[in-house]
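Below, chain A is the first sequence line, B the second, and so on; all start at residue 1.
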Amino acid sequence: METRPGNNFLYSLIADDLAKGRVQQVVTRFPPEPNGYLHVGHAKSICLNFGLAESFGGRCNLRFDDTNPEKESQEFIESIKEDVRWLGYQWAGEARFASSYFGQLYEWACELVREGAAYVCDLDAQQAREYRGTLTEPGRNSPFRDRSVAENLDLLARMKDGEFDEGSRVLRAKIDMASPNMNLRDPILYRIRKVPHHQTGEEWVIYPTYDFAHGQEDAIEGVTHSICTLEFEDHRPLYDWLLAHLPVPGRPRQYEFGRLNLNYTVTSKRKLRQLVDDAVVEGWDDPRMPTIAGMRRRGFTPASIRCFCDMIGVTRSDGVVDVAMLEHAIRDDLNENAPRGMCVLNPLRLVLTNVPADHREQLVAPRHPSREELGNRELTFTRELVIDADDFREEANKKYKRLVLGKRVRLRNAYVIEAHDVVKDATGKIIEVQARIIPDTVGEDPADGIKPKGVIQWVSVATGKRATVRLYNRLFNHEAPDRGDNAFMDFLNPESLQVVEDAWIEAALAEAVPEQGFQFEREGYFVADRYQHTPERPVFNRTIGLRDTSGA
RNA sequence: UGGGGUGUCGCCAAGUGGCAAGGCACCGGGUUUUGAUCCCGGCAUUCGCAGGUUCGAAUCCUGCCACCCCAGCCA
């Protein structure tokens, strides 16, 4: 699958910067906070940032924006690195950390104080909120706004030394409490947090805010195009203000694009975390999760995710992408590349009465219907088989293209058969179908000219294997589960997972390697579970069903 | 009733004054040993609305409307 360089407004803008000589080499960065697993929305940002750097022969850094130690952890750092690599991207040099710049950031904070552009404020959170004003009313100056440079320097140093309690003091930029842009009403630059940091340990008790860190980090790394989502647009004046007031080594520019919204999906770290914490799913990498790790386990491929990101485009409008596009991307990849196999999910015994009990016939079937280079596989044909219970009816109308009593059907890659009897149990349930094979119909139509109505999959009871197959459906049955605060928990799909413990699979499928994807013909695309699949106890996850235009 | 954004087919999205790309979805028809794939065809006289400028407007101007974001010591 080809992923062409996205032709979006950022691409054009960078091309223009290069053409006009405003930048020599493009440097972007993907800056996740390690406080959760990456999700499909991050994939869009990753494809954008790494893709843009790639397109222009530049580089893209991976930088952990770890300025809030309370919510972050090493586990998330590892998962993020793994996910980015899995998607097929390589960051420039080592991964960076905002925390490795804490020393420089602190120096710059002192610099701002010396310039008279920042001050230590003793208002508590509640008071600060009152002083900030509202959207329609200007704020009021903090009573601590006019402290001397010497006093501010002293107080800031003592904040750093741990002399003050959490929440008792903050460092703020001195900008404009009457600004219509709330971000300019003397924003907080540093706050006291007496918690150990996963990278710096006990070294710091004050931590820079996102606003004080981000632009400066970009400058330190030589980032030329700092790409973020729309909600940061109001922060850009502050981003620029800080860079203008500090002796930074670079002049990055911030650009914003619309974040990804997907229907039937929740993409907020907070909500995903709740699904994990409330054990609604089995973890961040549960195949129902829209996390990169979850999609991976579900059977999505890196190529399909990149293709999807390419398909949805990058703009400044905020829309909701139909999850059908994501489904199309993975079907498209797997249809082209996944080997075929046969699996019977809801087994019904089929006895071929004109086939001897000890009959063993090796049949050859292509691994892929249109890609000969993928070779063939062997199937063993025997007297007793299983077919799907849904593929047999005692009687049916013309629309039904499967096996009907007294009628013919083709067994995929094998013979045409004709059903002549059914066996039922005491309750009237069909427990066995008896049929005859029509001789000489492997690869041939029946000599009498009576063609079968359809084609169904089968597995030999003698050589087939049993498998656990997990059938996944969307996690939410509401188009916009994200609406409202916690409403999303009310829209959980009770049928998001159905486990079939004793499905039958053709023998070769048991030998699949974990994470290998297949098309189980007439059923859908499945992947050998990354962690649990073994040849002895095969486990497959359904990635996505086949498109079904039967109208039924 | 402050500020910042966005409005082109059901959804995503090209288009930047010259006569509305493409993808997804959907609907027809063909091929088919997967009701899959593939192929062919259909799918916006109209670009949030109303005025204006122009030979000509989705593109320029004016006004209006709708929706999103901002009042964390989160990012």
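- No donor-acceptor pair under 3.5 Å is formed between the side chain of A/Lys401 and the backbone N or O of A/Val455.
- Spacing between atom CG of A/Asp310 and atom P of B/A14 amounts to 12 Å, rounded to whole angstrom units.
- Using a 4.0 Å heavy-atom criterion, one finds that A/Pro138 contacts no nucleic acid atom at all.
- When the P atom is used for both B/G56 and B/G63, the distance is 23 Å, rounded to whole Å.
- With RNA chain B read from its 5' end, the first of the two nearest nucleotides for A/Arg316 and A/Lys44 is the one closest to A/Arg316.
- Between A/Arg340 atom CZ and B/U32 atom P the separation is 18 Å, expressed in whole Å.
- With a cut-off of 3.5 Å on both Watson-Crick or G-U wobble distances, the partner of B/C9 is given as none.
- The gap from the C1' atom of B/U31 to that of B/C47 amounts to 38 Å, rounded to the nearest Å.
- Comparing the C1' positions of B/G48 and B/A66 gives an interatomic distance of 7 Å, to the nearest angstrom.
- Screening residues 443-455 of chain A for salt bridge (Lys or Arg N to Asp or Glu O under 4.0 Å) gives A/Arg408-A/Asp448, A/Asp445-A/Lys451 as the qualifying pairs, with residues at least two apart or on separate chains.
- Using the Watson-Crick or G-U wobble rule with both distances under 3.5 Å, B/C49 pairs with B/G63.
- For the side-chain hydrogen bond (donor to acceptor under 3.5 Å, both in side chains) test, residues two or more places apart in sequence or in another chain that qualify with A/Arg340 are A/His368.
- Across all strands shown, A/Val442 has heavy atoms under 4.0 Å from base atoms, whether or not it also approaches the sugar-phosphate.
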**Message:** So if I define the base as every atom that isn't primed, P, OP1 or OP2, how would nucleotides 67-75 of chain B read as a B/S/- string at a heavy-atom cutoff under 4.0 Å?
**Reply:** -SBBBSBSB
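- Only the P atoms considered, B/G17 is 11 Å distant from B/U59, to the nearest whole Å.
- Within the shown strands, B/C70 is the pairing partner of B/G2 under the Watson-Crick or G-U definition, both distances less than 3.5 Å.
- Contact annotation for A/Thr315: backbone-only contact, meaning every heavy-atom pair under 4.0 Å involves sugar-phosphate atoms and none involves a base.
- Between A/Tyr264 and A/Asn477 the shortest side-chain heavy-atom distance does not fall below 4.5 Å.
- Between A/Asn413 atom CG and B/U32 atom P there is a gap of 17 Å when expressed in whole angstrom units.
- Straight-line distance between the C1' atoms of B/A44 and B/A25: roughly 16 Å, to the nearest whole Å.
- Tested against A/Asn35, the residues A/Lys269, A/Glu70, A/Glu72 include a single side chain to side chain donor-acceptor pair (under 3.5 Å) partner, A/Lys269.
- Taking a cutoff of 4.0 Å between a charged side-chain nitrogen and a carboxylate oxygen, A/Glu217 and A/Arg29 do not qualify as a salt bridge.
- Using a 4.0 Å heavy-atom cutoff across all strands shown, A/Lys269 reaches no nucleic acid atom at all.
- Salt bridge status for A/Asp186 with A/Arg145: present, with a side-chain N to carboxylate O gap under 4.0 Å.
- Rounded to an integer number of Å, the gap from A/Lys398 NZ to B/G35 C1' is 17 Å.
- Taking atom P in both B/C24 and B/C38, the straight-line distance is 9 Å, to the nearest Å.
- Residues satisfying the side-chain hydrogen bond (donor to acceptor under 3.5 Å, both in side chains) test with A/Thr380, not counting sequence neighbours, are A/Gln362.
- Glycosidic conformation, B/G72: syn, with the torsion inside 90° of 0.
- When the P atom is compared between B/A57 and B/C49, the two are found 15 Å apart, to the nearest whole Å.
- Across B/C60 and B/G18, the matching P atoms stand 12 Å from one another, rounded to whole Å.
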**Request:** Do nucleotides 20-31 of chain B as a string where each nucleotide becomes B, S or -: B if the base has a protein heavy atom under 4.0 Å, S if just the sugar-phosphate does, - if no protein is that close.
**Result:** ---BSSS-----
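- We find that CG of A/Asn397 is positioned 16 Å from P of B/G35, with the value rounded to whole Å.
- Position along RNA chain B of the nearest nucleotide to A/Arg410 versus A/Glu137 favours A/Glu137 as the more 5'-ward residue.
- Counting to the nearest Å, the P atom of B/U37 and the NE2 atom of A/His368 are 12 Å from each other.
- Regarding A/Arg371, its CZ atom lies at a distance of 16 Å from the C1' atom of B/A36, rounded to whole Å.
- For the pair A/Arg306 and A/Asp310, the salt-bridge criterion is not met [side-chain N within less than 4.0 Å of a carboxylate O].
- When heavy atoms are screened at a 4.0 angstrom cut-off, A/Val320 is found touching the sugar-phosphate backbone but no base atom.
- A/Glu221 meets the side-chain hydrogen bond (donor to acceptor under 3.5 Å, both in side chains) test with A/Asn61, A/Arg63, A/Tyr101; sequence neighbours excluded.
- Of the N and O atoms on the side chains of A/Tyr239 and A/Asp218, at least one donor lies less than 3.5 Å from an acceptor on the other residue.
- Contacts of A/Gly524 with the nucleic acid, taken as non-hydrogen atoms under 4.0 Å apart, are absent.
- Between the P atom of B/U34 and the CG atom of A/Asn335 lies a distance of 13 Å, rounded to the nearest Å.
- For A/Glu336 and B/U37, a side-chain-to-base donor-acceptor distance below 3.5 Å is absent, hydrogens and geometry of angles not being considered.
- Across all strands shown, A/Gln457 has no heavy atoms under 4.0 Å from either base or sugar-phosphate atoms.
- Side-chain contact annotation: A/Gln519 with A/Glu521, donor-acceptor N/O pair under 3.5 Å absent.
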